[in-house]
Q: 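Before I ask anything, here is the structure I am working with.
Residue numbers begin at 1 in each chain, while the letters A, B, ... track the order of the sequences.
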Amino acid sequence: MTPVRLYDSFRREKVLFEPLEPGVVGMYVCGPTPYAPAHIGHAYSAIAFDTIRRSLRFLGYQVRYVRNITDVEDKIIKRGNETGEDPMALAARFAADYNRDMARFGVLPPDIEPKVSTHIAEIIALIERLIATGCAYQVDGDVNFEIAKFPAYGALSGMKLDELRAGERVEVDPRKRSPDDFALWKAAKPGEPAWGSPWGKGRPGWHIECSAMTHAHLGDTFDLHGGGKDLIFPHHENEIAQSRGAYGPRSFARYWLHNGFLNFKGEKMSKSLGNVVDCSQIADTVGGEALRLFCVSHHFRSPVDFDFEAIRDGDGHVTGARFHSLEAADKKLEYFYTTLKRIDDFIAQSGNTGDAGDGKVLPEADKLIPDARVALADDFNTPVAMAALHEAAALANRLLDEPKGIDKQVRRRTLARLARDLRAVGVALGVFAADPAVYLAERRARLVQRRGIDAAAVERLIADRAAARAAKDFARSDAIRGELTALGVALHDTPRGTEWSVLDTAS
RNA sequence: GGAGCCAUAGCCAAGUGGUAAGGCAGUGGUCUGCAAAACCACCAUUCCCCAGUUCAAAUCUGGGUGGCUCCUCCA
């Protein structure tokens with residue numbers, strides 16, 4: 001396996017990653033609270049950590065990947081009470097939606113997907129332990145964590161307790177010993193899901209589930225903990241306090257990873273600004289893989305500006321959306337899939353499909369995997385891996401275009417190797433998994449629909465043009481090309497006949 | 001008020017001490033009946049500004065300017 005350096009949010013520097021057990025990584029990522037359709041921010045985070053998980057595998061590590069679902073939480077209960085739907089049913093429904101959406105972005109299912117509702121016993125045991133160690137106290141049916149008993153509090157976020165109080169803006173529960181203390185267990189209120197506990201009926205507070213679930217599935221101490229930057233405070237800070245308060249100062253996550261946030265034209269995404277984009281809208285409009293490629297073209301820690309423009313009708317109503325940066329990513333995908341298809345076709349035509357690319361190849365073709373490895377081992381630098389993919393694809397196209405001067409066997413084997421390795425790196429990034437012909441056909445169908453192109457009319461014009469060309473009537477042929485261009489269609493004359501695609505105009 | 005992040009070509013984006021990856025767009029070329037696609041070449045003497053450290057700075061230090069985030073639910 002390849003040694004990895006990563007930026008640890010806790011130490012605030014890039015460090016050598018040394019898993020507890022060499023070659024084996026235990027990784028926990030904060031998953032969603034499913035109370036509404038997943039939006040692009042959820043996808044960005046899920047893709048970031050899925051890519052890290054895939055990268056670690058590519059680098060030779062065995063990864064145990066745990067991503068939870070917080071299915072008991074205030075927002076779910078509130079939404080359920082508003083709509084009349086049972087909160088647990090609502091959470092289950094949106095959790096299923098979430099997983100379906102993430103699958104469209106190439107996010108692999110976690111190895112373990114624990115839920116709060118199935119870990120109540122573990123949560124209660126952890127709270128009891130915190131009471132026993134003196135970190136938590138019971139008030140009526142509630143149990144709170146007492147921050148004063150955990151002097152290391154604030155190490156991850158850089159928060160200091162006296163400053164926290166200065167910034168206190170929420171109403172303080174007078175039964176708390178300190179305003180900063182947070183709930184581990186909340187006494188049941190009418191209309192809320194509740195479970196029996198030593199403190200009466202109630203439910204877990206937010207934060208405690210992650211401490212309980214990491215312990216249940218990864219043990220006292222584990223390697224990587226990930227989540228969105230916004231979770232650093234208070235969520236991750238509280239997780240640390242709970243877990244270390246219970247299991248000791250050396251327990252819990254050994255390295256912290258936080259992904260940057262998505263902005264829209266420099267603005268934070270928020271419902272009030274009307275710039276929250278649902279995952280299904282993205283996947284339907286440009287395809288899920290375009291978002292995936294967009295994400296891995298940026299470093300996961302960087303804030304990313306997401307280019308989004310609402311399409312409005314004459315009355316100003318939003319009728320659709322343009323995602324310029326995703327359309328660019330989709331076009332880039334077309335390049336890679338076209339390249340893969342060219343190679344696949346070439347290998348198929350050469351008759352020797354058994355040669356997967358083993359053996360001696362052109363030395364330039366041997367660079368892709370090592371280059372990708374170096375890139376991903378350096379803090380999961382996917383943009384640099386993308387650069388390696390571009391160079392490999394250009395090499396493949398060059399070999400396909402210019403057969404002269406290269407030994408036939410070496411050429412074919414080199415192309416087979418390139419296709420194999422492009423896909424191997426693609427697996428690490430979560431791209432290029434589709435059949436190229438299928439992807440290209442689906443992409444064109446999407447564009448045809450989006451642009452309102454009449455495919456049958458296009459085919460008719462192409463037939464007319466073929467007739468004109470056969471008659472060497474090039475003036476007529478060019479006139480038809482002009483008509484098609486006006487329709488937004490580009491033609492591609494090949495030995496197999498004329499193929500067409502949708503122009504990538506800015507329209 | 002406290003904590004932190006970011007600023008690299010027209011645009012997107014890597015690079016955290018050793019002389020500016022990659023992509024898009026653009027220009028020229030190869031190929032083509034003409035195109036498209038693909039390929040090739042060109043495209044930042046310079047990294048927001050000022051000062052400093054160093055043989056050497058986009059990278060480190062200090063001071064500015066501009067943008068953003070967290071401290072409250074938030075991926």
Q: Atom CZ of A/F182 and atom P of B/rC71: how far apart are they, to the nearest Å?
A: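 In whole Å, B/rC71 P and A/F182 CZ are 16 Å from each other.
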
Q: Within the pair A/H299 and B/rA14, is there a side-chain N or O less than 4.0 Å away from OP1 or OP2?
A: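 It does not, given that no N or O in the side chain of A/H299 lies less than 4.0 Å from OP1 or OP2 of B/rA14.
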
Q: Please classify the nucleic acid contact of A/L231 as base, sugar-phosphate, or nothing, using heavy-atom distances under 4.0 Å.
A: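 Here A/L231 touches the backbone only, sparing every base.
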
Q: Any ring-ring contact (aromatic ring centres under 6.0 Å, His included) involving residues 362-399 of chain A? Give me the pairs, sequence neighbours left out, ordered by first then second residue.
A: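 For residues 362-399 of chain A, and leaving out neighbouring residues, the ring-ring contact (aromatic ring centres under 6.0 Å, His included) pairs sorted by first residue read A/F336-A/H390.
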
Q: Under 4.0 Å between any heavy atoms, over every strand shown, what does A/E402 touch: base, sugar-phosphate, or nothing? Just pick one.
A: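 Touches sugar-phosphate only.
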
Q: Once side chain to side chain donor-acceptor pair (under 3.5 Å) is applied, do any residues pair with A/R292, and if so which ones, sequence neighbours excluded?
A: A/D50, A/T51

Q: Whether A/N397 contacts B/rC39 is assessed here as follows: a side-chain N or O lying under 4.0 Å from the phosphate OP1 or OP2. Is that the case?
A: yes

Q: What residues, two or more places apart in sequence or in another chain, satisfy side chain to side chain contact (heavy atoms under 4.5 Å, CB included) together with A/R460?
A: A/A456, A/A457

Q: What residues form a side chain to side chain contact (heavy atoms under 4.5 Å, CB included) with A/S117, not counting sequence neighbours?
A: A/D71, A/V72, A/M88, A/K115, A/W195

Q: Measure from CG on A/L399 to P on B/rA38 and round the result to the nearest Å.
A: 16 Å

Q: Using a heavy-atom cut-off of under 4.0 Å over every strand shown, decide if A/T494 touches base, sugar-phosphate, or nothing.
A: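 Here A/T494 touches no strand at all.
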
Q: Please tell me if A/N263 has a side-chain N or O lying less than 4.0 Å from either OP1 or OP2 of B/rU69.
A: no

Q: For A/A387, check side chain to side chain contact (heavy atoms under 4.5 Å, CB included) against everything at least two apart and list the hits.
A: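 A/A387 satisfies side chain to side chain contact (heavy atoms under 4.5 Å, CB included) with no other residue.
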
Q: Send over the distance from A/W500 CH2 to B/rA36 P, rounded to a whole Å.
A: 18 Å

Q: For A/A375, which contact category applies under a 4.0 Å heavy-atom criterion: base, sugar-phosphate, or nothing?
A: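 Since no nucleic acid heavy atom lies under 4.0 Å of A/A375, the category is nothing.
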
Q: Taking pairing as Watson-Crick or G-U wobble with both contacts under 3.5 Å, can you name the mate of B/rG26, or confirm there isn't one?
A: B/rC42

Q: Base, backbone or nothing for each nucleotide of nucleotides 20-34 of chain B, written B, S, -, heavy atoms under 4.0 angstrom, 5' to 3'?
A: -BSS-S-------BB

Q: Can you check whether A/S302 has a side-chain N or O nearer than 4.0 Å to OP1 or OP2 of B/rC12?
A: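 So the side-chain polar atoms of A/S302 never come under 4.0 Å of the phosphate oxygens OP1 or OP2 of B/rC12.
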
Q: Under 3.5 Å between N/O atoms: give me all the protein pairs with nucleotides 5-10 of chain B, atom names plus distance.
A:
none

Q: The criterion is ring pair (Phe, Tyr, Trp, His ring centres under 6.0 Å); which residues satisfy it with A/Y28, sequence neighbours excluded?
A: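 By the ring pair (Phe, Tyr, Trp, His ring centres under 6.0 Å) rule, A/Y28 matches A/H225.
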
Q: Any base atoms under 4.0 Å from A/W206, or only sugar-phosphate, or nothing? Heavy atoms, all strands.
A: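 Touches sugar-phosphate only.
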
Q: Can you sort out the partners of A/W500 under ring pair (Phe, Tyr, Trp, His ring centres under 6.0 Å), two or more places apart, ordered by chain and number?
A: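 Not a single residue meets the ring pair (Phe, Tyr, Trp, His ring centres under 6.0 Å) criterion with A/W500.
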
